[in-house]
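Down below is the structure, laid out as structure tokens.
All heavy atoms count here, side chains included; hydrogens, waters and symmetry mates do not.
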Protein chains: 2
Amino acid sequence: MSKRKETSTNLLNENYIVESCDLTYAVCMIGGRWKLLILCKLENGKLRFSELRDRINGITERMLTLQLRELEKEGLVKRTVHAEVPPRVDYELTSIAKELVPIWSQLSDWGGKHRKLMNKPR
Amino acid sequence: MSKRKETSTNLLNENYIVESCDLTYAVCMIGGRWKLLILCKLENGKLRFSELRDRINGITERMLTLQLRELEKEGLVKRTVHAEVPPRVDYELTSIAKELVPIWSQLSDWGGKHRKLMNKPR
DNA sequence: TATGGTACAGACAAATTTGTAAGTAATGAG
DNA sequence: CTCATTACTTACAAATTTGTCTGTACCATA
């Protein structure tokens, strides 16, 4: 949640693009270093913070927090806090996020295919 | 084509993630501020550099060049130089990129739907 | 009273991406 | 010889994202 300069060309461009293109809008939601990894892990149900952290190799708590916050804002994950000590918080996909699953599965297949093509060029 | 530090955690993380997840791999290909816009414009056939530049609001020649170069490297667009003066260069989608079209059309639909949901939250 | 587990928050720095503002080569037209 | 056109390139600066490290509240348990 580092604030962005509200007057930068960079931000204006991004806004303009996202406004005018549903596709770019969609990809922006799931862009960012860790978002897809997080969403994937949640594909089979709820997980708590520490479970996510432990399953995603290399992520720091800070990054996990930041990306979860954004995903929450975007309405892709739902956050539930249990009033316990020590605290317990879990995350799950929202219904609109679940609609993405079949799409990203195709995209993943495409990725696999493309990767092979690139390995043995011709 | 700004070089990246080969020893940074940032790059190591990216490599690791992309290696281990076809989905992230795929999304990385089309990530970046302008790539999808460019690909969309090429959906209906070849365009030359200046045509792309004029159709993509806000892009600079530098950015267009950079992103086209990456797309070319990734095998998503094909670049053809005509030996003329003044120079003429055109760009078109490769066949693997064309396979993405139906997927991104679904993603675009999802984006539109999601956008509406967000506008009138409940 | 000291310790421990959980889910973070904050300050700061490094890395990366994006934008700005020039300039270039080649050559045909005038 | 001068200028215009096209598709770039380069140096530099600003913005943004990602990573490092330290610290916090809560209370149950030893």
Inset, instruction - Return the 5'-most residue of the pair A:Ile59, B:Val89 with respect to DNA chain D, ranking by each residue's nearest nucleotide. - result: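 Going by which nucleotide is closer to the 5' end, it is B:Val89.
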Inset, instruction - Using atom CG of B:Asn15 as one end and atom P of C:dT16 as the other, report the distance to the nearest whole Å. - result: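 Taking atom P of C:dT16 as the reference, CG of B:Asn15 is at 10 Å.
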Inset, instruction - Whole angstrom is fine here: how far is it from CG in B:Leu12 over to P in C:dA14? - result: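 In whole Å, C:dA14 P lies 17 Å from B:Leu12 CG.
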Legend entry - Along DNA chain C (nearest heavy atom to each residue), the more 5'-positioned of A:Asn10 and A:Glu51: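 The answer here is A:Glu51.
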Legend entry - Toward the 5' end of DNA chain C, by each residue's nearest nucleotide, A:Glu14 or A:Asp90: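 Its nearest nucleotide lies further toward 5', so the answer is A:Asp90.
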Inset, instruction - Measure the spacing between CD of A:Glu6 and CG of A:Asn15 and express it to the nearest 0.5 Å. - result: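 Between atom CD of A:Glu6 and atom CG of A:Asn15 there are 9.5 Å.
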Within the structure, does a side-chain N or O atom of [X] lie under 4.0 Å from either OP1 or OP2 of [N]?
X       : N      : answer
B:Arg33 : C:dG19 : yes
B:Arg79 : D:dC8  : yes
B:Arg48 : D:dA7  : yes
B:Arg4  : C:dT16 : yes

Inset, instruction - For B:Arg53, report the nucleic acid contact type (base, sugar-phosphate, nothing); a contact means any heavy atom under 4.0 Å. - result: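 Contact class for B:Arg53: none.
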Inset, instruction - Using a heavy-atom cut-off of under 4.0 Å over every strand shown, decide if B:Leu64 touches base, sugar-phosphate, or nothing. - result: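 Touches nothing.
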Please pick, from [options], the nucleotide with the shortest atom-to-atom distance to any side-chain atom of [X].
X       : options                : result
B:Gln67 : C:dA15, C:dT18, D:dG19 : C:dT18
A:Arg62 : C:dT16, C:dG10, D:dC8  : C:dG10
A:Glu61 : D:dC21, C:dT20, C:dA7  : C:dA7

Legend entry - Electrostatic pair B:Lys78-B:Glu72, nearest N-O below 4.0 angstrom: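 Looking at B:Glu72 together with B:Lys78, the answer is no, because their closest N to O distance does not fall below 4.0 Å.
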Legend entry - Salt bridge present between A:Lys113 and B:Glu99 (N-O < 4.0 angstrom):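 Here A:Lys113 pairs with B:Glu99 in a salt bridge, since their nearest N and O are under 4.0 Å apart.
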Inset, instruction - State whether a side-chain donor-acceptor pair under 3.5 Å links B:Asp22 with A:His114. - result: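 No pair is found: no donor N or O on one side chain lies under 3.5 Å from an acceptor on the other.
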Legend entry - B:Arg48 NZ/CZ over B:Tyr91 ring centroid, <6.0 Å and within 45° of normal: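 Cation-pi check for B:Arg48 and B:Tyr91: fails.
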